[in-house]
Amino acid sequence: MAVTGAILVLFLIGHMVGNLKSFFGAETFNAYAEFLRTMGEPLLPRRVLLSLVEVVLAVSVVLHMWSAISLARRAHKARPVKYAAKRKSQAGGYAVHIMRFGGLTILLFVIWHLLDLTFGVVNPAGWDGTPYQKLVQGFDPSRWWVTVFYVVAVVMVGLHLRHGLWSAFQTLGLASGRSYRPLRGVAAVLSAVLVLGFLAVPVAVMIGVVK
């Protein structure tokens with residue numbers, strides 16, 4: 001679960017950086033989108049490398065979800081009877097609900113995100129629209145409900161990521177001794193940066209900075 005989570009975090013960082021290119025205009029953003037499809041050429045045919053990345057991401061998502069379900073079942077099987085004493089902890093508090101219901105929200109959002117900005121099925125620009133047109137029309141002020149859904153999903157990603165990163169550091173044996181507090185800070189800061197980075201674009205479209 002930690003390894004697949006790390007793969008997804010790297011993807012999020014790259015995706016956020018790519019999204020921010022929209023601030024440099026349509027030509028720059030569309031050129032970036034085209035680069036994703038042509039990277040690896042002429043050694044590899046068009047879109048082959050991108051397809052490989054997509055396969056790795058899809059497999060990582062499936063394995064990540066499978067790991068979460070397997071770990072939950074293993075924990076329940078190991079301790080089918082609840083503790084007599086009720087003790088508040090991060091593991092038994094908001095974090096568990098964020099990881100479970102937040103994960104479901106993120107999954108639904110990813111499906112919508114693909115239909116909207118990748119395939120253009122639910123986007124006003126349609127399939128033939130340029131990536132920049134899909135971005136701007138997708139977050140048009142008239143579609144404010146899409147932006148609200150996006151904001152909620154990204155915040156969920158941030159909370160999910162913060163707890164997930166910290167859990168990964170512990171799972172990999174990195175969070176101990178002097179590294180405990182710094183790594184906890186790294187998890188919080190990286191999550192905040194990703195949330196702000198992803199929210200910057202739809203907000204910029206809503207207020208007319210990106211148009």
Side-chain angles (χ1 to χ4, degrees), residues 4-23 26 28-37 39 47 49-66 68 98-162 164-165 190-207 209-211:
T4 54
I7 293 173
L8 296 174
V9 169
L10 291 176
F11 163 73
L12 287 175
I13 294 174
H15 190 23
M16 180 197 70
V17 172
N19 284 358
L20 294 177
K21 289 185 178 294
S22 59
F23 285 98
T28 299
F29 188 74
N30 289 333
Y32 159 71
E34 180 64 16
F35 162 75
L36 293 179
R37 292 164 175 76
M39 57 182 178
R47 216 186 183 285
L49 191 55
L50 177 60
S51 297
L52 291 175
V53 172
E54 290 172 341
V55 169
V56 171
L57 287 173
V59 171
S60 296
V61 169
V62 172
L63 290 178
H64 196 71
M65 295 173 62
W66 174 80
I98 288 298
M99 299 305 277
R100 289 177 182 173
F101 300 108
L104 179 59
T105 302
I106 294 168
L107 178 62
L108 293 175
F109 167 72
V110 168
I111 294 173
W112 170 268
H113 196 56
L114 291 173
L115 293 174
D116 187 20
L117 298 179
T118 300
F119 303 113
V121 176
V122 294
N123 189 287
W127 169 261
D128 296 328
T130 66
Y132 189 82
Q133 289 173 336
K134 291 178 182 177
L135 179 71
V136 173
Q137 293 187 36
F139 292 115
D140 186 83
S142 63
R143 284 163 50 95
W144 59 268
W145 51 275
V146 174
T147 302
V148 170
F149 181 34
Y150 186 91
V151 170
V152 171
V154 168
V155 171
M156 284 289 187
V157 169
L159 295 173
H160 191 97
L161 184 60
R162 180 178 179 274
L165 278 173
L190 181 57
S191 301
V193 169
L194 284 170
V195 169
L196 293 175
F198 275 109
L199 292 184
V201 176
V203 170
V205 174
M206 287 285 291
I207 63 177
V209 174
V210 174
K211 56 185 178 180

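A search for side-chain hydrogen bond (donor to acceptor under 3.5 Å, both in side chains) contacts involving N30 returns nothing, not counting sequence neighbours. Legend: residues meeting side-chain hydrogen bond (donor to acceptor under 3.5 Å, both in side chains) with S22, ordered by chain and number and at least two apart, are absent. Take V209 and apply the side-chain contact (heavy atoms from CB on, under 4.5 Å) test, not counting sequence neighbours, and it matches F23, A204, I207. By the side-chain hydrogen bond (donor to acceptor under 3.5 Å, both in side chains) test, R47 pairs with S51, E54, sequence neighbours left out.
The aromatic rings of W112 and F149 sit perpendicular to each other, their planes meeting at more than 60°, with 30° as the lower class boundary. The aromatic rings of Y32 and F29 lie tilted to each other, with the angle between the two planes from 30° to 60°.
To the nearest 0.5 angstrom, H64 atom NE2 is 11.5 Å from L107 atom CG. Rounded to the nearest 0.5 Å, atoms CG (L57) and CD1 (I7) are 8.0 Å apart.
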Contacts table for residues 138-146: side-chain donor-acceptor under 3.5 angstrom, sequence neighbours left out:
{"residue": "D140", "atom": "OD2", "partner": "S142", "partner atom": "N", "Å": "2.9"}
{"residue": "D140", "atom": "OD2", "partner": "S142", "partner atom": "OG", "Å": "2.6"}
{"residue": "R143", "atom": "NE", "partner": "G138", "partner atom": "O", "Å": "3.0"}
{"residue": "R143", "atom": "NH1", "partner": "V122", "partner atom": "O", "Å": "3.2"}
{"residue": "R143", "atom": "NH2", "partner": "D116", "partner atom": "OD1", "Å": "3.3"}
{"residue": "R143", "atom": "NH2", "partner": "D116", "partner atom": "OD2", "Å": "3.4"}

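A pairwise comparison of heavy atoms in N19 and V201 identifies O-CG2, 3.6 Å as the closest pair.
Screening N123, V121, V110 for a side chain to side chain contact (heavy atoms under 4.5 Å, CB included) involving L115 leaves a single residue, V121.
Residue pairs that meet the salt bridge (Lys or Arg N to Asp or Glu O under 4.0 Å) test with at least one member in residues 117-135, sequence neighbours left out, do not exist here.
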